[in-house]
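First comes the structure, then the notes that go with it.
It should be emphasised that the depicted structure is a prediction, and the values quoted were computed from it without experimental measurement. Throughout, protein chains are lettered first and strands after them, A, B, ... in sequence-line order, and every chain is numbered starting at 1.
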Amino acid sequence: MARSDPSAPGNEAFFSRPALEVARELLGSRISDGDVVVLLTEVEAYSGESDPASHAFRGPTPRNEVMYGPAGRVYVYFSYGMHHCVNLVSEQPGIASAVLLRAGRVVDGHHTARERRGAVSDAALARGPGNLGKTLGATTALTGTTVWDGPLRWTPAGASGPVGAGPRVGVSRAADLPWRLWLIGEPSVSPYRRHPRADPPPG
DNA sequence: ATTCGGATAAGG
DNA sequence: CTTATCCGAATT
């Protein structure tokens, strides 16, 4: 190997699957930036141009272009003019798909994390996608980097606990697809907030 | 429950 | 130009 990690082929294969499947297996795995290490506790799948809640629903744009490329790349979008939200691209090239990293538990680098986030509880450091992005120091400049030879490094999960599934947060269309997954009992998981204009829940 | 902040993209 | 959005903090 000249530059990239020898585990790159395996990592790319891991991400080159349907977003929901990748999302499920991301729970309990780790993503790091320098000394800051986060164990992922909450993720959401966004799958293809047929998913009305996905940034790719209306086809390619300069912002979402990376979602159409090979898996294992980082997609950071700048949200509401202030938050950097981190996604990991999944599926094969041509199928725009990604997993939004919604929350995690900081397991190392608390000092750096708190420099970025301020005086909040450990559980709140990386609770919510904007806060997780801030904890990792993410900016849109990370878009397109891989999680094996870029600033963000991903390592597979060991064991992880029971998994909950429910509606995605803040989406107004396809609001009740249970594509938000989390580790049950984790205090770092963000509270569910339904989009104000989503259709009423079924039942 | 509501309000601001203010990038990105779609539609008029 | 107007409206909506994969959000978070602060306020009613």
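Across all strands shown, A:R117 has heavy atoms under 4.0 Å from sugar-phosphate atoms exclusively, and none from any base. Nucleic acid contact for A:N131: sugar-phosphate only, since backbone atoms but no base atoms lie under 4.0 Å from a heavy atom of the residue. Within the nucleic acid shown, A:R63 comes within 4.0 Å of sugar-phosphate atoms alone, with no base atom in reach, counting heavy atoms only. Residue A:R193 is in base contact, counting any heavy-atom pair closer than 4.0 Å across all strands shown.
Rounded to whole Å, atom C1' of C:dA10 lies 12 Å from atom CE of A:M82. Summarising the geometry, the separation between CG on A:L125 and P on C:dG8 is reported as 14 Å, rounded to the nearest angstrom. For the pair A:L101 CG and C:dC7 C1', the computed distance is 15 Å after rounding to whole Å. In this structure, OH of A:Y80 is placed 8 Å from C1' of C:dC6, rounded to the nearest angstrom. Look at CG on A:L132: it is 13 Å from P on C:dC7, rounded to the nearest Å. With rounding to whole Å, A:H195 atom NE2 is found 15 Å from C:dT3 atom P. C:dC6 atom P lies 10 Å from atom CG of A:L100, rounded to whole Å. Atoms OH (A:Y192) and P (C:dG8) sit 15 Å apart, rounded to a whole Å.
Linking Ile, Leu, Val, Met, Phe, Trp and Tyr whenever their side-chain heavy atoms come within less than 4.5 Å leaves A:Y192 and A:L101 in two separate clusters. When hydrophobic clusters are built by joining Ile, Leu, Val, Met, Phe, Trp and Tyr residues whose side-chain heavy atoms come closer than 4.5 Å, directly or via intermediates, A:L100 is not grouped with A:L136.
Between the side chain of A:R173 and the backbone N or O of A:D199 there is no donor-acceptor pair closer than 3.5 Å. Judged purely by atom type and a 3.5 angstrom limit, A:R153 uses its side chain to pair as donor or acceptor with the backbone of A:G150. Remark: side-chain polar atoms of A:S172 are not paired, donor with acceptor, to backbone N or O of A:H195 under 3.5 angstrom. At least one donor-acceptor pair closer than 3.5 Å links the side chain of A:N64 to the backbone N or O of A:T61.
Across all strands shown, C:dT11 forms a Watson-Crick or G-U wobble pair, both distances under 3.5 Å, with B:dA1. Across all strands shown, C:dC6 forms no Watson-Crick or G-U wobble pair with both distances under 3.5 Å.
Nucleotides C:dA9 and B:dT8 place their C1' atoms 22 Å apart, quoted to the nearest Å. Nucleotides C:dT12 and B:dG5 are separated by 14 Å at their P atoms, to the nearest Å.
Protein chain A touches strand DNA chain B; the 5'-most and 3'-most nucleotides with an atom under 4.0 angstrom of its non-hydrogen atoms are B:dG5 to B:dA10.
Taking side-chain N and O atoms only, A:R197 has no distance below 4.0 Å to OP1 or OP2 of C:dT3.
When distances are taken from the side chain of A:Y46 to each of C:dT5, C:dC6, C:dA9, the shortest belongs to C:dC6.
When each of A:R105, A:R127, A:R102 is checked for a side-chain hydrogen bond (donor to acceptor under 3.5 Å, both in side chains) with A:E42, only A:R102 meets the rule.
Mapping A:V120 and A:H55 onto DNA chain C by nearest heavy atom places A:H55 at the nucleotide closer to the 5' end.
Taking the ring centre of A:Y75 as origin, the terminal cationic atom of A:R73 falls outside the region bounded by 6.0 Å and 45° from the ring axis.
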